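Just so we're on the same page: letters track the sequence lines, and every chain starts at 1. Note that the structure is a prediction, hence the values are computed from the model and not measured. Just so it is clear, the values below take in all heavy atoms, side chains as well, and ignore hydrogens, waters and symmetry mates.
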Number of protein chains: 2
Amino acid sequence: MTNKPTKDLTPPAPKAAATGVRAAPPRRRVPGSSPPRNLHGHVLHELGQRIVGGELRPGELLPREEALADQMQVSRTALREAMKVLSAKGLVESRPKVGTRVRDPRFWHQLDADVLAWRCALMPTEDFVRKLVEMREVIEPAAAAAAAVRCSVEQLERLDAAYAAMAAAKDLDDWAQADLAFHEAVLNATNNELMASLFSVIETALGTFFVLSARTAKDFKYSLPHHQKVLEAIRRRQPDAARRAMLRMVDDSRANIEKRRRGAKV
Amino acid sequence: MTNKPTKDLTPPAPKAAATGVRAAPPRRRVPGSSPPRNLHGHVLHELGQRIVGGELRPGELLPREEALADQMQVSRTALREAMKVLSAKGLVESRPKVGTRVRDPRFWHQLDADVLAWRCALMPTEDFVRKLVEMREVIEPAAAAAAAVRCSVEQLERLDAAYAAMAAAKDLDDWAQADLAFHEAVLNATNNELMASLFSVIETALGTFFVLSARTAKDFKYSLPHHQKVLEAIRRRQPDAARRAMLRMVDDSRANIEKRRRGAKV
DNA sequence: GATTTTTATATTGTACTACAATATGACTGC
DNA sequence: GCAGTCATATTGTAGTACAATATAAAAATC
């Protein structure tokens, strides 16, 4: 577990110091987070993806700040601001004299939107998809039930609007956007901001599903009836019906994803 | 919604620049997070608590970095490192020329351990406790069921150890520590790190409960049988029994907290 | 020779300065 | 009245210097 200070950490950006613009790394477009326009944002993403992606392994000691800043072609100031954020997400730990170490995944803030997005930067593993689905099965039926009990008329209107947008969707992109809005509206309708903050997980799960099902883009509206049942149960203030309808939706989605996986073994 | 640059933001620390040590703010000891030893850690906590505690209101424009750094008696460098973390937690948003603004609570990362701890820095509201309990009702029964299906022998041993520590607890502190370990062990036993990351919520909920029940510290072991039922159900690989037992435990805990609240209206 | 104490040293932590980038708002011209 | 231009305030970035800290080597002591 010795350090390798000579390991290549240089980002793909081919010294674009003149323009100040850095070339985007050739990675998949991640759903949730918009590409950073700040320098420390770039550094943050770069290091975050390398750590979560496994390129930088847990326990590994990063080069010292000055060297790392040089390799990344940024100032130590910018690097440190990125490091503080990585540290806040539980990915690294810095101590004087000893250096900055990648922490064990046990300490990572797995529900953080960036961490989730970085996990999906590469094609997500079957195991990770399973875990995402499990989270959906736990969260969304409960949220639907709570929404049926407590949602306001404004929140119901937002649900209606999202459903209408899904019904009117002309392509997969439209559908994906409206679908996301629907599930976010359900979480918000619980009037529990802790529940609503779990949207990062749902968003990642749905985004992954959309990517996996992208090649068979036809029949993307197949789950519309499921959504309608959830909506109607919430409107009628029937928590149990809402829970069951949502659970059916998620289970159906899981079955669908497993079928696709078996079909076109990536 | 105009800015008030003269608003007092000076921390309680009475210019302890000579020693470098800052006086601890007279706030409640928060359960999860250890007091920061770094300067930007202090600044982070200070600003975080003020924002989450409502002293700095959403939409409000903070003083510019130089002025704020002066008021906090730290360098702009340290202040900015704290700001980046606050920004990563969704609490503030900085833009050139316009300044740093406190964001709407809708954007706060409510599941972040620090944000949760800051919400509990003041006495938590009844509403917040209700939301915490709702989260427990959703998360923990599902986790217990998943643990019954998938937990390993090592994980079961950790559960056993935590239960033994609870049974052997001599005072409320011992009990609280072991109780926390038990619930963490259940989450870990799901073998789903996303589920395990929800421990910050459980920790906050249990911590709040301990504080609320501190004055009636006798009979703190009353929930031991509940824990035993959960443990045995997991050991016997009975997910439904585990789910029901855990749900009973949480509901019992909720009833208990409501009774205390009605009794000693704070 | 083993153990404790001291010292050296490498790395992060903090402060300060200077300047670049950027978005707002006022000003100008039409 | 409206579009375009420019001044300006604030954050963003870079660089330097030094303080604090923890490891490891070295020295002193038993």
Discussion item. In whole Å, I'd like the distance from the CG atom of Leu68(A) to the C1' atom of dT11(C).
Written reply: 13 Å

Practice prompt. Please state how far atom CD in Glu66(A) lies from atom P in dA14(D), giving the value in whole angstrom units.
Written response: 14 Å

Fill in: Any His40(B) side-chain nitrogen or oxygen under 4.0 Å from OP1 or OP2 of dT14(C)
yes

Discussion item. Using heavy-atom distances to pick each residue's nearest nucleotide on DNA chain D, tell me which of Val98(A) and Arg76(A) is more 5'.
Written reply: Arg76(A)

Review item, side-chain donor-acceptor pairs of residues 180-188 of chain A, under 3.5 Å, at least two apart:
residue	atom	partner	partner atom	Å
His183(A)	ND1	Glu140(A)	OE1	2.7
His183(A)	NE2	Asp179(A)	OD1	3.0
His183(A)	NE2	His227(A)	NE2	3.2
Asn188(A)	ND2	Glu184(A)	O	3.4

Practice prompt. Would you kindly give the CD-to-P distance between Glu93(B) and dT11(D), to the nearest whole Å?
Written response: 13 Å

Item to complete: Output all residues satisfying side-chain hydrogen bond (donor to acceptor under 3.5 Å, both in side chains) with Lys84(B), sequence neighbours left out; order by chain, then residue number.
Response: His40(A)

Discussion item. Using the side chain to side chain contact (heavy atoms under 4.5 Å, CB included) criterion, which residues pair with Glu157(B)? Sequence neighbours excluded.
Written reply: none

Worksheet entry | Atom-to-atom span, CG of Asn38(B) to P of dT11(C) - whole angstrom | 19 Å

Discussion item. Looking at every heavy atom in both Asp174(A) and Ala169(A), which two are closest together, and how far apart are they?
Written reply: CB-CB, 3.7 Å

Practice prompt. Counting heavy atoms from C-beta on, name the nucleotide in dA15(C), dA14(D), dG12(D) closest to the side chain of Ser75(A).
Written response: dA14(D)

Worksheet item: Looking at residues at least two apart in the chain, or sitting in another chain, which of them share a salt bridge (Lys or Arg N to Asp or Glu O under 4.0 Å) with Asp173(A)?
Response: none

Worksheet entry | Residues which pass side-chain hydrogen bond (donor to acceptor under 3.5 Å, both in side chains) with Ser94(A), listed by chain and number, not counting sequence neighbours | Thr100(A)

Check: protein-nucleotides 6-9 of chain D nitrogen or oxygen pairs below 3.5 Å:
residue	atom	partner	partner atom	Å
dT8(D)	O2	Lys97(B)	NZ	3.4

Worksheet item: Roughly, in whole Å, what's the span from CG in Leu39(A) to P in dA21(C)?
Response: 11 Å

Worksheet entry | Terminal axes of the helix from dG1(C)-dC30(D) to dC30(C)-dG1(D) (five pairs each): angle between them, nearest 10 degrees | 10°

Worksheet, complete the sentence: salt bridge (Lys or Arg N to Asp or Glu O under 4.0 Å) filter on Arg158(B), not counting sequence neighbours, yields none

Worksheet entry | Contacts of Arg95(B) that satisfy side-chain hydrogen bond (donor to acceptor under 3.5 Å, both in side chains) - sequence neighbours left out | none

Fill in: Non-neighbouring partners of Arg119(A) that pass side-chain hydrogen bond (donor to acceptor under 3.5 Å, both in side chains), sequence neighbours left out
Gln110(A), Glu193(B)

Discussion item. I need the Arg80(A) CZ to Leu86(A) CG distance, nearest 0.5 Å.
Written reply: 12.5 Å

Worksheet item: Among all residues two or more places apart in sequence or in another chain, which pass the salt bridge (Lys or Arg N to Asp or Glu O under 4.0 Å) test with Asp70(A)?
Response: none

Worksheet item: In residues 78-87 of chain A, which residues come under 4.0 Å of DNA chain C by heavy atom?
Response: Arg80(A), Lys84(A)

Worksheet item: Contact class for Arg95(B) (heavy atom, under 4.0 Å): base, sugar-phosphate, or nothing?
Response: sugar-phosphate

